[in-house]
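A short worksheet on the structure shown next.
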Amino acid sequence: MAPMPLDTAPVPKLPPLTDPFGRAITYLRVSVTDRCDFRCVYCMAEDMTFLPKKEVLTLEELDRLCSAFVARGVRKLRLTGGEPLVRKNVMSLVRALSRHLKTGDIDELTLTTNGSQLARFAGELADLGVRRVNVSVDTLDPVKFREVTRWGDLEQVMAGIAAARAAGLHVKVNAVALKDVNADAFDDLILWTHGSGMDLTLIETMPMGEVGADRTDQYLPLSAVRADLATRWTLHDIPLKTGGPARYVEVAETGGKLGFITPLTHNFCEGCNRVRVTCTGTLYMCLGQEDAADLRAPLRASESDGPLQAAIDEAIARKPKGHDFVIDPDHRAPAVARHMSVTGG
Ligand code: SAM
């Protein structure tokens, strides 16, 4: 396998990716591992079986795959997982991909993390040109945090966030809204994030994969959360766009931004600009649909990117208009069989 490229030559450009609905595909999320050091109750079952190593793309292959998308007009790369920072040598991938920042081929290289390893890596991430990270924190109560993550340590995550901020990274906190777990946690999360200059985004739990629990018990519509918050906080809609699906309000009392990601109560597909690739090289054109394309076979079949680019074209031509997640008593089973940890959200 060729060593990871670190050159500073721009990527030779190929025709940009546009889906059948005229949406330009400019954002790629890459799950670099299916493994995680947490077992969040809404995300994974406790006894997950992980992929054998031979099925997982090497870091060099992941770099080649990402770069093939950059050649097609992708301007934003987000590394996710599983937990991206538990993948061995992941920083060599970040280093390789950061060449696209230097050449101006991409606008942003970022990652979504649970924060457990951030204290170790924050400085290097900042040095490599990463400017923003999303960190998932569902509650500030250490006991509940352990309950929801099963294995997580809030103190370690807080130290990771502090290190990220000290390194100059902008931190956005993501919290999944869960009825019995954190319905009472949002005021504290707003005060903490906004009080320290961070943004907060709340996410509706999506029916993905068997987690050994009934999702109708966990589901908390963000329409209800927002209505409740509005009894205590002044929320002004703002037109902020960060390339993702969140709709933002400004909280007048704090001056901070609060995002809502509402796949259930308000489908956000019309402006979808993204696709997701897993650590096995499977391309999902929609988070909420089963259809996928194997990019690993064409990637491994040839040293030239021709077969890979042809497979990408074929897949993008099938990108669906949107997802149709439903959680109610008639829809207790997952909408898609895979867990969120496969694609990383
Ligand atoms: N380990 C990293 C982390 O914790 O952020 C990255 C991967 S994690 C799968 C990405 C995000 O997806 C996290 O914010 C997590 O809370 C969220 N998530 C996981 N399962 C979800 C589900 N079923 N519905 C909504 N969000 C989910």
Side-chain angles (χ1 to χ4, degrees), residues 29-45 48 50 78-87 90 110-118 121 132-139 144-145 147-154 156-157 160-161 164 171-179 181-182 185 189 193 199-222 225 244-246 259-265 268 274 276-279 284 287-288 323 325-327 331-345:
R29 295 191 177 203
V30 189
S31 176
V32 300
T33 176
D34 62 330
R35 288 164 197 261
C36 188
D37 50 348
F38 290 4
R39 289 288 180 280
C40 298
V41 291
Y42 51 84
C43 184
M44 290 187 178
M48 294 287 287
F50 293 109
R78 176 177 295 279
L79 304 185
T80 175
E83 170 48 41
L85 295 179
V86 301
R87 171 105 194 222
V90 70
T110 181
L111 77 164
T112 300
T113 171
N114 64 25
S116 70
Q117 309 301 314
L118 258 185
F121 293 121
R132 300 194 299 155
V133 290
N134 288 358
V135 185
S136 306
V137 182
D138 296 327
T139 170
K144 282 199 172 163
F145 186 84
E147 266 170 37
V148 73
T149 59
R150 290 195 184 106
W151 298 357
D153 176 358
L154 182 62
Q156 192 180 340
V157 171
I161 291 175
V171 176
K172 180 163 80 73
V173 171
N174 285 337
V176 174
L178 298 162
K179 207 191 283 177
V181 178
N182 62 0
L189 282 168
T193 52
D199 297 333
L200 172 67
T201 295
L202 305 180
I203 307 174
E204 277 172 347
T205 180
M206 297 174 225
M208 301 184 64
E210 275 307 338
V211 288
D214 186 339
R215 287 183 199 273
T216 47
D217 294 344
Q218 300 181 0
Y219 175 50
L220 179 58
L222 285 186
V225 172
F260 295 91
I261 298 186
T262 54
L264 284 297
T265 54
F268 45 61
R274 71 206 79 101
R276 298 170 166 84
V277 72
T278 71
C279 62
Y284 285 95
L287 183 61
H323 65 249
F325 288 131
V326 183
I327 298 181
H331 298 82
R332 289 180 185 271
V336 292
R338 66 182 184 279
H339 291 91
M340 187 68 103
S341 54
V342 174
T343 49

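Counting starts at 1 for both ligands and their atoms, in listed order. Just so you know, residue 1 is the first one in the sequence shown, and it goes up from there. Bear in mind the structure is a predicted one, so any value in this text is a computation, not a measurement.
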Check the pair Asp138, Val181 against side-chain contact (heavy atoms from CB on, under 4.5 Å), reporting the backbone distance first and the verdict last.
CA-CA 8 Å; Asp138 296 327; Val181 178; 5.6 Å; no

Worked check of side-chain contact (heavy atoms from CB on, under 4.5 Å) between Val157 and Val137
CA-CA 8 Å; Val157 171; Val137 182; 4.0 Å; yes

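In this structure, the side chain of Thr110 engages the main chain of Arg132 through a donor-acceptor pair within 3.5 Å. In this structure a side-chain-to-backbone donor-acceptor pair under 3.5 Å is missing from Gln218 to Leu178.
Only the backbone of Glu204 comes within contact range of ligand 1, with a heavy atom under 4.0 Å; no side-chain atom does. If you look at Asn134 next to ligand 1, there are no close heavy atoms at all, none under 4.0 Å. Contact annotation: for Val176 versus ligand 1, heavy atoms closer than 4.0 Å belong to the side chain alone. For Asn114, heavy-atom contacts with ligand 1 shorter than 4.0 Å involve the backbone as well as the side chain.
The distance criterion of under 3.5 Å between nitrogen or oxygen atoms is not met by Asn174 with respect to ligand 1. Looking at Asp138 next to ligand 1, no N or O pair under 3.5 Å apart turns up. For ligand 1, none of its N or O atoms has an N or O atom of Cys43 under 3.5 Å away. The shortest N or O to N or O distance between Glu83 and ligand 1 is under 3.5 Å. In terms of N/O distances under 3.5 Å, ligand 1 is not approached by Met340.
Scored by the side chain to side chain contact (heavy atoms under 4.5 Å, CB included) test, Thr33 finds Arg35, Val86, Arg87 as partners (sequence neighbours excluded). Contacts of Thr278 classified as side chain to side chain contact (heavy atoms under 4.5 Å, CB included), with partners at least two apart in sequence or in another chain: Thr280, Thr282, Tyr284, Val342, Thr343.
Put simply, the side chain of Leu287 reaches to within 4.5 Å of the side chain of Met340, judged on heavy atoms. Side chains of Val148 and Asn182 form no contact here, defined as non-hydrogen atoms less than 4.5 Å apart.
Results of the side chain to side chain contact (heavy atoms under 4.5 Å, CB included) test with Thr201 over Asn174, Val176, Val173 single out Asn174 as the only residue that passes.
The Ser136 neighbourhood of ligand 1 comprises atoms 3 (C), 4 (O), 5 (O), 13 (C), 14 (O), with distances under 4.0 Å to a heavy atom of that residue. Against a heavy-atom cut-off of under 4.0 Å, Thr80 is close to the following atoms of ligand 1: 6 (C), 7 (C). Atom numbering of ligand 1 starts at 1 in the shown order; those under 4.0 Å from a heavy atom of Thr205 are 23 (N), 24 (N), 25 (C).
Nearest-heavy-atom check against atom 24 (N) of ligand 1 across Gln218, Met206, Arg78 picks out Met206.
Taking a 4.0 Å cut-off on heavy atoms, Gly81 registers as neighbouring ligand 1. The closest approach between a heavy atom of Pro263 and any atom of ligand 1 is not below 4.0 Å.
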